[in-house]
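Numbers restart at 1 for each chain; the letters A, B, ... are given by sequence-line order, proteins then strands. Quantities reported herein were computed from a predicted structural model and do not represent experimental measurements.
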Number of protein chains: 2
Amino acid sequence: MPKRGSYAKGVAKRDEILTRALDVVAEQGFRGASVREIADAVGLSQAGLLHYFGTKEQLFVEILRKRDEVDLTRFEHGTDAPAFLSEDFTGLVAHNAEVPGLVELFSRMSVEAADTAHPAHDYFVRRGEEVRTSFASALRAQQDAGKLSDRIAPEALARIFQAVSDGMQLQWLIDRDVDMAAAVQALFDALSTEPGPPQRP
Amino acid sequence: MPKRGSYAKGVAKRDEILTRALDVVAEQGFRGASVREIADAVGLSQAGLLHYFGTKEQLFVEILRKRDEVDLTRFEHGTDAPAFLSEDFTGLVAHNAEVPGLVELFSRMSVEAADTAHPAHDYFVRRGEEVRTSFASALRAQQDAGKLSDRIAPEALARIFQAVSDGMQLQWLIDRDVDMAAAVQALFDALSTEPGPPQRP
DNA sequence: GTCTATACCTAGATAGAC
DNA sequence: GTCTATCTAGGTATAGAC
């Protein structure tokens with residue numbers, strides 16, 4: 001129980017800042033990835049912004065967390081639905097092409113978080129586990145329904161899809177004409193058991 | 001035609017520095033990615049090192065180029081061999097686990113080169129094309145030999161393998177226990193037409 | 001809670017001696 | 001060609017006023 005009413009208010013303000021920051025970073029990719037830029041964008045001074053998040057790294061992790069939160073409500077329509085995979089996941093990947101700044105932030109932080117002492121390290125560990133777990137169960141369901149090749153374990157395939165998603169982001173950062181979602185879909189199709197005609201007859 | 005003999009000598013020295021830098025970066029991942037660190041490692045002052053490469057970015061690109069050069073002679077035993085893929089490529093990916101610093105450098109630069117004005121941008125564009133082209137032709141050969149599923153175009157699959165390779169590096173940077181080569185191999189097996197028993201009988 | 005101002009640090013680049 | 005020393009820029013973090 002907080003001592004003052006100000007606590008809940010502070011949390012609300014934090015959330016408001018994050019929502020705003022998310023929009024700004026999404027639209028205009030942030031070049032330098034500096035606190036000042038975010039501060040300007042959300043209409044606060046650099047010091048004012050750090051008042052809420054303490055450090056640069058913590059701020060950026062919170063932005064990524066917020067992004068996940070928003071995406072989750074937007075793209076996860078229940079893991080049970082058999083159509084989960086090719087629709088929601090491919091949709092999410094396609095959506096990423098609309099938010100260049102977030103793709104860049106995510107990729108950049110992903111590399112920097114290699115250091116176990118980095119504030120974002122735990123975030124990436126945890127997020128990776130969650131993504132793979134939920135994805136693996138969806139893949140298993142597809143296999144059980146006979147729609148997906150069972151020549152590979154769902155956990156292994158989940159990891160591969162994660163890698164494809166992350167890796168396509170890197171390719172897309174270099175060349176914006178690359179179609180990230182198409183690549184994901186192509187792999188899915190190749191592993192599908194649907195009769196669809198081979199690409200190379 | 002160079003005015004003095006010093007030109008060829010300078011090139012040789014450059015090459016020597018790069019070879020040395022490659023070893024050092026490979027073994028001890030470089031934390032800060034600073035010019036000074038490399039300089040210390042190769043036994044030069046910061047100014048002395050920049051004398052050869054001009055700028056930080058140029059230096060780092062040259063290190064990546066040198067790495068490719070070395071890897072190429074080490075892992076590409078002729079693209080014609082039918083065994084090319086699962087051996088050479090998987091071998092290369094496995095080898096990366098021995099050179100953490102290079103994986104980190106590559107991934108980091110890959111993100112920073114998103115900016116078309118970045119000195120490394122062209123390098124990544126060109127390298128991506130080369131990797132995919134040579135890989136696609138090897139995949140096509142496998143398909144023609146009936147060893148690989150033809151449900152996906154070789155160019156599309158080459159892109160996917162590139163993404164898997166890059167993406168697994170990101171996962172591995174977060175968790176060194178991850179087996180990058182195993183993931184690549186698993187995908188290859190899943191798409192193989194060999195009779196081998198399914199993973200989930 | 002938010003600002004201005006500033007301290008402090010790191011890092012790349014450059015000048016100039018040898 | 002290589003070094004030492006220094007300049008400069010940019011960024012995070014913090015102190016203190018309002």
**Heavy-atom closest pair, residues A:K66 and A:D15** = NZ-OD2, 3.1 Å
Over how many whole Å does the gap from [X] atom [atom1] to [N] atom [atom2] extend?
X     : N      : atom1 : atom2 : value
A:D40 : C:dC3  : CG    : P     : 10 Å
A:H51 : D:dA15 : NE2   : C1'   : 14 Å
B:F53 : C:dA13 : CZ    : C1'   : 16 Å
B:L59 : C:dA11 : CG    : P     : 15 Å

**Prompt:** Under 6.0 Å between the ring centres of A:F106 and A:F60?
**Reply:** no
**Asked** Does a side-chain N-to-carboxylate-O contact under 4.0 Å join B:R151 and A:D189?
**Response** no
Check nucleotides 8-12 of chain D for protein N or O atoms closer than 3.5 Å to its own N or O atoms and list the pairs.
residue: D:dT12; atom: OP1; partner: A:V35; partner atom: N; Å: 3.2
residue: D:dT12; atom: OP2; partner: A:V35; partner atom: N; Å: 3.3

**Message:** With rounding to the nearest 0.5 angstrom, report the CD to CG distance, B:Q142 to B:L157.
**Reply:** 10.5 Å
**Request:** Let me know, please, whether A:G54 or B:G48 comes out on the 5' side of the other along DNA chain D by nearest nucleotide.
**Result:** B:G48
**Prompt:** Angle class for the A:H95/A:F75 ring planes (parallel below 30°, perpendicular above 60°, tilted otherwise)?
**Reply:** tilted
**Message:** Do B:D175 and B:Q171 pair up side chain to side chain, a donor and an acceptor below 3.5 Å, judged on atom types alone?
**Reply:** no
